[in-house]
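Heads up, the thing below is written out as structure tokens.
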Amino acid sequence: AKEAFWAMVEAHARMVDAVRANDVVDADGDGRATRIGVVYAMSPVRPLSPEKPADVSAAKNLFYLYNEVFLNAVAKGEVDADWNGRRVRRADFEGRLDWLGINYYGGTAVEGLGASPVPGMSPLFTVNPFTLRVFEENPEGLIEMIRAGAALGVPVMITENGIPDPNDDGTAPRTIAMHLAAAQRAIAEGLPVEGYFYWSLIDNFEWNHGMSMKFGLYAVNPADATKRRVARKGVATFRDIAGAREVPDSIRAAYGL
């Protein structure tokens, strides 16, 4: 697993070098010929029981392994080859990231075991894989991930954020409002947030979940030959926020933001 992981990092760095060497025309006049980033699923991690040192340690370790090892390598050239916390610098990896796309759907709570349960895995991987618990609607966690991205020295975009809302019961509008309000707070804090993309415009094929997870702002029935799109309540919320370029007071009041 480690060899495949570092092959992916190497491939990314060499791809960036090749694109920069061959794409030398500033087509859009922004002063740069290329601007290359990665989209990365990030998640805050908290201990399942904060009073247990093993859980606290596992949360810290998993945050590092999940969120930082790859990004530290391609942004800072910091290589932790054995995933043990010891890093060396590789100049041929450093600076191979111009921006970071964050896919964000909430955080994870973990229980620590004190030792890795997976043979040959990192000694930092002390998490009980059967007690990983995902918690939804954690807008403060989005700010935490934006801070982590900004610490790499690059601007960030929220490239995915959303929640299934199959019954159109108001879950999506609340999620949109909460997380865009969080992004607005991050900008006010001076963090370099360049954009936000909701996942997704329409109901889509969600890999192993197929069409069963209804993320779309617009509902689409796959059995309908016309693939007619029907607006859910999230459309109006997203439209109003985008039009105002901020979360309006009326929406903040509606969700206690």
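With sequence neighbours excluded, the residues that form a side-chain contact (heavy atoms from CB on, under 4.5 Å) with V69 are F5, W6, Y64, L65, W83. The side-chain hydrogen bond (donor to acceptor under 3.5 Å, both in side chains) test applied to Y66 returns no partner, not counting sequence neighbours. Take N128 and apply the side-chain hydrogen bond (donor to acceptor under 3.5 Å, both in side chains) test, not counting sequence neighbours, and it matches E111. Here Y40 pairs with nothing under the side-chain hydrogen bond (donor to acceptor under 3.5 Å, both in side chains) rule; sequence neighbours left out. By the side-chain contact (heavy atoms from CB on, under 4.5 Å) test, N208 pairs with no residue at all, sequence neighbours left out. Residues satisfying the side-chain contact (heavy atoms from CB on, under 4.5 Å) test with F197, not counting sequence neighbours, are M157. With sequence neighbours excluded, no residue forms a side-chain hydrogen bond (donor to acceptor under 3.5 Å, both in side chains) with S122.
For S200 (side chain) and F215 (main-chain N/O), no donor-acceptor pair under 3.5 Å exists by modelled atom type. Judged purely by atom type and a 3.5 angstrom limit, D80 uses its side chain to pair as donor or acceptor with the backbone of G85. The backbone N or O of P50 sits nowhere less than 3.5 Å from a side-chain atom of D55 that would complete a donor-acceptor pair. Side chain of S57 to backbone of P53: no donor-acceptor contact under 3.5 angstrom is found. Although no hydrogens or angles enter the test, the distance criterion places a donor-acceptor pair under 3.5 Å between the side chain of D168 and the main chain of K233. Using a distance-only test at 3.5 Å, with no hydrogens or angles considered, no donor-acceptor pair links the side chain of S49 to the main chain of E51.
Listed by first then second residue, pairs satisfying salt bridge (charged side-chain N to carboxylate O under 4.0 Å, His left out) with a partner in residues 186-205 read R35-E194, R147-E189, D203-R232, not counting sequence neighbours. The salt bridge (charged side-chain N to carboxylate O under 4.0 Å, His left out) contacts involving residues 88-110 comprise E10-R90, R14-D92, D17-R96, R20-D98, R32-D98, R89-E94, R90-D92, where partners must be two or more places apart or lie in separate chains. The salt bridge (charged side-chain N to carboxylate O under 4.0 Å, His left out) pairs that include a residue from residues 179-188 are E140-R185, where partners are two or more places apart or lie in different chains. For residues 241-257, the set of pairs meeting the salt bridge (charged side-chain N to carboxylate O under 4.0 Å, His left out) definition, not counting sequence neighbours, is empty.
A single hydrophobic cluster is seen to contain both V247 and I187, as judged by linkage of ILVMFWY side chains at heavy-atom distances under 4.5 Å, directly or through other members. Cluster membership for L217 and I202, using ILVMFWY side-chain heavy atoms within less than 4.5 angstrom, is shared.
I143 belongs to no hydrophobic cluster with other residues, because no ILVMFWY side-chain heavy atom falls under 4.5 Å from its own, directly or through intermediates.
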